[in-house]
Amino acid sequence: MPDRLKELNHIGIAVTDLEEAKELFRDRLGFRWERDQELPERGLKIAFFSTGNTRIELLQGITADSAISKFVEKRGPGIHHLSFEVEGIQRVMDELSGEGIKLIDQQPRPGAEGHLVAFLHPKSTGSVLIELEEK
Ligand code: ZN
């Protein structure tokens with residue numbers, strides 16, 4: 001299954017203070033700010049940045065029960081997930097699941113950018129949270 005996971009789409013980084021993190025990435029590290037987004041139903045606010053071909057997603061939890069708030073509480077801020085593009089997300093999920101990879105999402109769901117996404121369970125992927133994103 002060559003290139004089952006294709007290009008790296010973005011790196012998700014969990015932060016405690018989105019404004020502070022934005023200032024760091026924009027003003028000191030020189031990333032290009034792309035846009036901000038709030039996902040109240042997931043207890044999240046997000047800022048998208050890029051540099052060269054690399055994109056990052058800064059994620060701050062805005063409710064105590066959001067996945068990002070829990071992550072930060074347990075492990076502190078830092079790299080949260082890697083997102084890879086796939087073709088035929090449901091098929092890829094079924095294949096991986098059939099090969100014993102645990103999935104967090106059993107069904108693909110719309111992600112922050114409106115594309116279908118699904119997460120693999122870090123227990124199956126060396127503690128690295130991997131997001132699949134349909135392109
Ligand atoms: Zn992501």
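For this chain, numbers begin at 1 and follow the sequence in order. First listed ligand is number 1; within each ligand, the first listed atom is number 1.
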Fill in: Qualifying residue for side chain to side chain contact (heavy atoms under 4.5 Å, CB included) with L18, from L58, I46, L44
L58
Fill in: Atom pair CD (E41) and OG1 (T63), whose distance is rounded to the nearest 0.5 Å
10.5 Å
Item to complete: Anything under 30° is parallel, anything over 60° is perpendicular, the rest tilted; go ahead and classify F49 against F25.
Response: tilted
Worksheet entry | Test item: H80 and R75 side chains (from C-beta on) under 4.5 Å apart, heavy atoms | no
Fill in: Separation between CD of Q60 and CD of E19, rounded to the nearest 0.5 Å
8.5 Å
Response to the item:
Listing protein N, O or S under 2.8 Å around the Zn ion (ligand 1) gives H10 NE2, E57 OE1, H81 NE2, E131 OE1
Discussion item. Quick check against the 3.5 Å criterion: does T51 have a side-chain atom that pairs as donor or acceptor with the backbone of T54?
Written reply: no
